[in-house]
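Along the sequence shown, the residues carry numbers beginning at 1. Both backbone and side-chain heavy atoms feed into the values below; hydrogens, waters and symmetry mates do not.
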Amino acid sequence: MLRAGVSTACLYPKLLEDSLYDLAVSGISCVEIMTNSDSELNRAFICALRDMLTRFDISCPSFHTHTGALETMLFFSEYPRRLRDGLEAYKRYFEAMNLLGAEVYVFHGAKAGSVSSVPFYAERLGELVRLGQRFGITVAQENVCYCESGSLRFLKALAAELGDDAHFVVDTKQAVRSKENPFDLVRALGSRIACVHISDHSELGDCLPLGKGRFAVRAFLKALIDAQADCPVMLELYRGGFDSITDLVSGFHTLEAGIHSLSAAQT
């Protein structure tokens, strides 16, 4: 079942707790939380976020961190001790996710051209995947334009290497930036899709509020349903790309209405 949501990253650089509160009082019932500093992983801080989620009856299925830019160095270098340290550090993220009830970790991975082969990439990512499984967490590879994962060919090869351990985050704006068709990603990755980051796009930009571009949002949601993707669909915009939180609320309701009508049509 698809679920509509909004990422706290939309409101960056507003403080995370303030971003979550603004979404909560605006009636957003599902969020992706993105941390922006190491101190935001402290147990007391995470517990305060959890209490806010509980108070407003908000679910948090997916989680993203500010350390995506470090993942090349932590997980894909030839220095084995760094990998061990990276895995140890990510235990904190998975512990935080357990407190928040989040199940999907959004992984950027290695920068393009920095990894020698897909099997090596899969071996290293597999270490993190297995660590996540110990915490009940699904580590999902996002398609990112400046990373190895920007290529659909790479994602298909990675899926073949990882088998049942392969899960993905499909980001529509990143697909456009990589000159990949978001619909092709859905058809190729199907039920392995664990989360979606959605935005609109047109000649005016590649990360627009829903309804401000030419992206066939309803058709995209139907493609996800047809591919048997069971995942949150998170609105993720950059702060300079929308006017106010009302754009986020409007996008959330667009997603909610589209998912509801498409799901009802199938029953």
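- Annotation: side chain of L16 is in contact with side chain of F45 (closest heavy-atom distance under 4.5 Å).
- Put simply, the side chain of D200 never gets that close to the backbone of L208: no donor and acceptor are under 3.5 Å apart.
- Contact annotation: the side chain of P232 never approaches that of E32 to less than 4.5 Å [non-hydrogen atoms, C-beta and beyond].
- One N or O on the side chain of T72 and one on the backbone of K111 form a donor-acceptor pair closer than 3.5 Å.
- Cation-pi contact between R239 and F242: present, with separation from the ring centre below 6.0 Å and deviation from the ring axis of at most 45°.
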Stepwise, does the side-chain contact (heavy atoms from CB on, under 4.5 Å) test hold for I198 with F215? CA-CA 10 Å; I198 194 169; F215 187 47; 4.1 Å; yes
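- Checked by atom type and distance alone, the side chain of N143 never pairs as donor or acceptor with a backbone atom of S149 at under 3.5 Å.
- Side-chain atoms of L248 and L11, non-hydrogen and from C-beta on, do get closer than 4.5 Å to each other.
- A heavy-atom distance below 4.5 Å is found between the side chains of M97 and F94.
- Residues F252 and A4 come closest through the heavy atom pair CE1-O, 3.3 Å.
- Following chains of ILVMFWY side-chain contacts shorter than 4.5 Å, one can reach I225 starting from L189, so the two form part of one hydrophobic cluster.
- Remark: side-chain polar atoms of S26 are not paired, donor with acceptor, to backbone N or O of I28 under 3.5 angstrom.
- If you chain together hydrophobic residues whose side chains sit under 4.5 Å apart, V169 and L162 never meet in one group.
- At least one donor-acceptor pair under 3.5 Å links the side chain of N98 to the backbone N or O of F135.
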Does V217 form a side-chain contact (heavy atoms from CB on, under 4.5 Å) with L255? I'd like the steps, not just the answer. CA-CA 8 Å; V217 174; L255 292 174; 4.2 Å; yes
Evaluate the criterion side-chain contact (heavy atoms from CB on, under 4.5 Å) for residue pair L131 and V139; output intermediate values, then yes/no. CA-CA 9 Å; L131 176 64; V139 175; over 6 Å; no
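- Closest approach of A166 and A159 over heavy atoms only: CB-CA, 3.8 Å.
- Here the side chain of S117 pairs a donor or acceptor atom with the backbone of F120 at under 3.5 angstrom.
- Panel note: side chain N42, backbone S39; a donor-acceptor pair is recorded below 3.5 Å.
- Remark: side-chain polar atoms of E71 are paired, donor with acceptor, to backbone N or O of H108 under 3.5 angstrom.
- The two atoms that bring A96 and F63 nearest to each other are CB-CZ, 4.4 Å, heavy atoms only.
- No side-chain heavy atom of K91 sits under 4.5 Å from any side-chain heavy atom of L87.
- Shown here for S199 and L237, the closest heavy-atom pair between the two residues is CB-CD2, 3.5 Å.
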Salt bridge (charged side-chain N to carboxylate O under 4.0 Å, His left out) evaluation trace for R84 with E127: CA-CA 10 Å; R84 303 269 72 83; E127 295 250 18; 3.1 Å; yes
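- Counting heavy atoms from C-beta outward, C231 and L2 have side chains that approach closer than 4.5 Å.
- Within the 4.5 Å cutoff, the side chain of I259 has no heavy atoms near those of the L224 side chain.
- For the residue pair S59/R3, the side-chain donor-acceptor check at 3.5 Å is not satisfied.
- V115 and A110 make their closest contact through CG2-CB, 3.4 Å (heavy atoms, listed as atom of the first residue, atom of the second, distance).
- In this structure a side-chain-to-backbone donor-acceptor pair under 3.5 Å is missing from T35 to T65.
- Enclosure of atom NE2 in H260 is not indicated, since only 12 or fewer non-hydrogen atoms of other residues, nucleotides or ligands lie within 6.0 angstrom.
- Taking hydrophobic clusters as Ile, Leu, Val, Met, Phe, Trp and Tyr residues chained together by side-chain heavy-atom distances below 4.5 Å, L83 does not share a cluster with Y79.
- Under a 4.0 Å N-O distance rule, the pair K173/E236 qualifies as a salt bridge.
- In this structure, P61 and M234 approach most closely via the heavy-atom pair CG-CE, 3.6 Å.
- Proximity of a side-chain donor or acceptor of S202 to a complementary backbone N or O of R214 within less than 3.5 Å is not detected.
- Checked for salt-bridge contact, D184 and R187 meet the test: a charged N lies under 4.0 Å from a carboxylate O.
- For Y90 and F75, the ring centers sit closer than 6.0 Å to each other.
- The side-chain heavy atoms of E142 and H64, taken from C-beta on, include a pair separated by under 4.5 Å.
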Evaluate the side-chain contact (heavy atoms from CB on, under 4.5 Å) criterion for residues S250 and L210: first the C-alpha distance (whole Å), next the side-chain angles of each, then the deciding distance (0.1 Å), finally the verdict. CA-CA 8 Å; S250 174; L210 299 187; over 6 Å; no
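- Side-chain N/O atoms of Q174 and H197 include no donor and acceptor closer than 3.5 Å.
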